Every structure is written in C-alpha cells, then in structure tokens.
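What follows is one structure encoded as structure tokens, with my remarks underneath.
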Amino acid sequence: MSTPTKSPIGVFDSGYGGLTVLKEIVKQLPDYDYLYLGDNARAPYGSRSFETVYEYTLECVKHLFEMGCPLVLLACNTASAKALRTIQQKDLPTLAPEKRVLGVIRPTTEIVGKLSKTGHVGVLGTSGTVISNSYPIEIEKFYPNLIVSQEACPMWVPLVENNEFDSDGADYFIAKYLNNLLAKDPEIDTIILGCTHYPLLINKIRKQLPAEITLLSQGEIVAESLGDYLQRHPEIESKCSKGKSIDFYTTDAAENFDNAASIFFGKAVQSKHLPL
Ligand code: DGL
C-alpha cells in the first residue's frame, strides 16, 4: 500500500488580514506546513458583491487545491460570509470531495455567548460581512437569546492596508464606528472583531472602549478550533504534512506584499507571485 501524499494546510485571505490568523495558528500548531495565499491584486473584498467574492474565493481555493492543500481555511470573514457555504455545498462535492474548506465565523460564534454577561453582543466587520447577516444567523444557532447588533466599518480595512492604522486619522474612524455600534445598543459587553484586518487596530480600539467591554479577536479562537478540527478528523489530519514550513503567495507583486505582510505576521515574510 502506498503512503498517502501529504501537503500543507492552505490559508486564504483577500490580502494581508489572514496573516493575523496564520500567526496564531503557527503558534498553536507549529509542526504543520502552511501555504498562505493573499488575493492582494483584487483586495479589498469587503465592499464587493456576493457573486464577485464567491467567484474570487473559489478561484483562489482551486489554486490552493492544485498546490496540493488537503484543507483550506478561509481566514477572511468576508469570504467566509459570502462564499464558504456555496463552496462547501455546491463546489466541493464535484471539485474535490476528499478535501475540506473551513471558515472563521463559526468558531467565533461558538464561544461568544460564554463571554457575554449582559446577553448583548456587537459585531464589527466589513460591509459585506454585515450585510450577509452571517454573524447574527450563526450566533442564533448556538445562543438564541443573545441580542446582536452590527456595524460595518468600511474605512478600517483601507486604513490598515495603507499603513495608517497607527495614525490620528485612524482614531477618528475608530471612534465613529464604535460610537455608532454602542448607540445601537448601550448594553453591549462583548464585541467581535469580525474582520481579520482589525487586530492591527486593536490597541486604538481598546483605548476608546469602556474597560468592561470584552473585545474578541479571532486569531487564537480560530487556531484553537483548527487544532480541535484536526483532532476530530484524522482522515484529513493524516493528509497534512509536518515540516514546519510556511510558503507565502500573493496575486499582486511579491515585493509589495513582503513589506506590509511582516507587520501583520510579526516576522519577515518572503512571498512569491501567483498569477491568476
Ligand atoms: N480580511 C477580510 C475579512 O476578514 C476583509 C478584507 C477585505 O475587505 O478584503 O473580512
């Protein structure tokens, strides 16, 4: 009997944001090989239609499959909200029934109810994630009594992507969206940062929030949930190679990616260009 081929776990984002998730995954699951793909050439996804986000995400997932990944994590809320279900239900069965695609929304919604004491929760995300209603829908499955309010923060991804996350301009837009959210429901005591770009703004967000509000960032939660998934699914885990390597790919120019990516990943990054 031949040994099954083993390949890296794929991690996908529209651009840089997924690196904040990959960073935590590598901390918690350091033995595996990873292949990161950022679709920087077509980012941001946050304001794009369902059809476009689905089409772009599927194309990138196919690339990761072609590169051998047995499991792909959509480390992007917008892609998880707009493309994950269709890919899982419609495309996977014919495209690659033996492979798996996971998202970042479900792991976060699974735990949010355990953290809120008031039963009032806030979600901050891109316009696409908010309009999809994915968070309220998923949260209701686990915690039907939680009251969920959402606020789209369309300026936050551009601030982060343009290296303005530490500027005074960022303070203005952070205050704007936080105030809007808390005006919708002043009893909110737990806020989900529902976009993988937002961890770069976390210090500024924290400063503007009352101390009693818990801020939920996704990296650690998603990493834990991935570890749990691999334990529960030995048939997938056995296809994931363990060589502690990380390869980075971007659909845009590699030099541009490397400069910004190191800020998100916390370490120097050397990427390769992946033509679409
Ligand atoms: N990082 C993506 C997310 O988690 C959003 C970035 C974008 O708008 O492309 O939603």
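Keep in mind that what you see is a predicted model, and the values were worked out from it rather than measured. Each ligand, and each atom within it, is numbered from 1 in the order the structure gives.
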Applying the ring pair (Phe, Tyr, Trp, His ring centres under 6.0 Å) test to H197, which of F264, Y16, W156 qualifies?
F264
Sidechain N-carboxylate O distance under 4.0 Å for E59, K62
no
Quick one: ligand 1 N/O to protein N/O pairs below 3.5 Å?
unit_1	atom_1	unit_2	atom_2	d
ligand 1	1 (N)	D13	OD1	3.2
ligand 1	1 (N)	T196	OG1	2.9
ligand 1	1 (N)	H197	ND1	2.8
ligand 1	4 (O)	N77	N	2.8
ligand 1	4 (O)	N77	ND2	3.2
ligand 1	4 (O)	T196	N	2.8
ligand 1	4 (O)	T196	OG1	3.2
ligand 1	8 (O)	Y45	N	3.3
ligand 1	8 (O)	G46	N	2.8
ligand 1	9 (O)	S14	OG	2.6
ligand 1	9 (O)	Y45	N	2.6
ligand 1	10 (O)	N77	N	3.3
ligand 1	10 (O)	T78	N	3.1
ligand 1	10 (O)	T78	OG1	2.7

Sequence neighbours excluded and cut-off under 3.5 Å, please list the side-chain donor-acceptor pairs for residues 213-224, or say none.
unit_1	atom_1	unit_2	atom_2	d
Q218	OE1	N77	ND2	2.8
Q218	NE2	N77	OD1	2.9
Q218	NE2	V104	O	3.4
Q218	NE2	T108	OG1	3.2
Q218	NE2	Y135	OH	2.8

Name all pairs fulfilling the salt bridge (charged side-chain N to carboxylate O under 4.0 Å, His left out) condition that reach into residues 148-175, sequence neighbours left out, sorted by first residue then second.
E151-K184, D171-K204
Between T20 and L200, is there a side-chain heavy-atom distance shorter than 4.5 Å?
yes
What side-chain donor-acceptor pairs closer than 3.5 Å can you find for residues 268-276, not counting sequence neighbours?
unit_1	atom_1	unit_2	atom_2	d
S271	OG	A254	O	3.3
S271	OG	D258	OD1	2.6
H273	ND1	D252	O	2.8

